[in-house]
2 protein chains.
Amino acid sequence: MLLEVPEPIRKQVEKKGGMKGIILTLPDKSSIENEALMHKVLSNPLRIRILNLVSKQSLCVCLIKQAIDISDSKLSYHLSILEEAGLIVGTKKQNWIIYEVTHFGKEHAL
Amino acid sequence: MLLEVPEPIRKQVEKKGGMKGIILTLPDKSSIENEALMHKVLSNPLRIRILNLVSKQSLCVCLIKQAIDISDSKLSYHLSILEEAGLIVGTKKQNWIIYEVTHFGKEHAL
DNA sequence: TTGTTATTTCAAAAAAAATTGAAACAGGTG
DNA sequence: CACCTGTTTCAATTTTTTTTGAAATAACAA
C-alpha cells in the first residue's frame, strides 16, 4: 500500500511539487555539514566563553587561563578547536602566543 | 613570581579595568550554557535537515522519514531533540503526528 | 649546561551522543 | 479479538567528544 498520509498535508505537499519538489529546495549536503560543524564548535560553554573573552581583548594563553581557570592541556585543546574553525588565531610574539578573534569569529561571538 | 605577560597586552588589559574588568563584561554562565545547548541541538546534520524540511512544510513522521531516509527510531530520536529544544512541535491529527516548525524554530532554520 | 616559563602534544580514561533492533503502544480495520 | 499502521521507547552497543596527567618542545636566562 502506497504510504498513506493525512489528506490536508497531501494537498499542501502536492502544491509544492510533491516531496521531490520540496526536497529540491533544501540546502545541499555539504552546506548543511558545514553549518553543523560550526554549531559543533560552538556547542561547548568553555569555547563560547573563550571566544567571547578573546573578542573583548587579544590575550596570551596564560591570561586566558587565568580568566577561564582550567588546566593547560584542556585550554589548549579548546583553543585548537576554535582556531581550526577559523574563529580565532594565535600568533607567536616573543615568549607568548597571543590569541585574537578573527573577522569571521567576530560574527559569531556574542 | 606574579604571572608575567607581554607588555602591550598588559597595557591594553589595564585600560579595560584589568582582567577582572574584562571578565565582568562577559555573558553570564547560564546564558552561555543556553547558547551552547542550542548549538548542540543544531550540531547534527540530520537535525538541521529535518528542521529545514519541516520549516518548508509541516509533515507527518512518515513523510519526513521518506525524505530523510533513516530508521524510525533514529528519526524519532532526532525529532525529540528538536522538539525539546522548542524548534519544532508535533501534534497528533487522526492517525498521524504532524511536526511543524515553531516561531522560535523559524529564526534558526536556514 | 641546567633550569624555567609558556604552551602543545599524546595516550589513556571518562563522559556524552548517536545508532541499532526489538518491544511497546495507541488507534484504527477485518 | 487479532492484526495493521504510525510512532515512540528502551537497553545495548558504537562512536565521538572531553578530560586528565605526563611528556615534549621551544625560547630564553643563570
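We name chains A, B, ... by the order of the sequence lines, and we start the count at 1 in each one.
Between A/Arg47 and A/Leu82, the closest heavy-atom pair is O-CD1, 3.7 Å.
Using modelled atom types and a 3.5 Å distance limit, the side chains of A/Ser31 and A/Asn34 yield no donor-acceptor pair.
In this structure, of C/dT8, D/dA27, D/dT7, it is D/dT7 that holds the atom nearest to the side chain of B/Cys60. The B/Leu46 side chain lies nearest to C/dT19 when the options are C/dT19, D/dG6, C/dT8. Of the candidates C/dA18, C/dT7, D/dT18, the closest approach to any side-chain atom of A/Ile81 belongs to D/dT18. Side-chain proximity of A/Ser73 to C/dT19, C/dT9, D/dT19: nearest is C/dT9. Closest contact between the side chain of A/Tyr77 and the listed nucleotides D/dT8, D/dT19, C/dT8 involves D/dT19. Comparing D/dT16, D/dA27, D/dT7 by their closest approach to the side chain of A/Lys40 singles out D/dT16. Proximity note for B/Ile97 (side chain, C-beta onward) versus D/dT7, C/dT8, C/dA18: the nearest is D/dT7.
Residue contacts shown for A/Asn95 are limited to sugar-phosphate atoms, with no base heavy atom under 4.0 Å away.
The shortest distance between the side-chain N/O atoms of A/Tyr99 and the OP1/OP2 oxygens of C/dT8 is below 4.0 Å. Phosphate contact (OP1/OP2 of D/dT18, side-chain N/O of A/Asn44, threshold under 4.0 Å): present. Between B/Lys74 and C/dT20 there is a side-chain N or O to OP1 or OP2 distance below 4.0 Å. Look at A/His78 and you won't find any side-chain N or O under 4.0 angstrom from OP1 or OP2 of D/dT17.
Atom CD of B/Glu4 and atom C1' of C/dT7 are 15 Å apart (whole Å). Rounded to whole Å, atom P of C/dG21 lies 16 Å from atom CG of B/Leu75.
The structure places CD of B/Glu100 at 8.5 Å from CD1 of A/Ile9, a figure rounded to the nearest 0.5 Å.
Mapping A/Arg47 and B/Asp72 onto DNA chain D via the closest heavy atom, the residue that lands nearer the 5' end is B/Asp72. Along DNA chain D, the nucleotide nearest to A/Gln94 and the one nearest to A/Ser71 differ in position, and the one closer to the 5' end is contacted by A/Ser71.
Atom CG of A/Asp28 sits in a crowded spot, with more than 12 heavy atoms from other residues, nucleotides or ligands closer than 6.0 Å.
Between A/Glu7 and A/Arg10 there is a salt bridge, since at least one side-chain N of the basic residue sits less than 4.0 Å from a carboxylate O of the acidic one.
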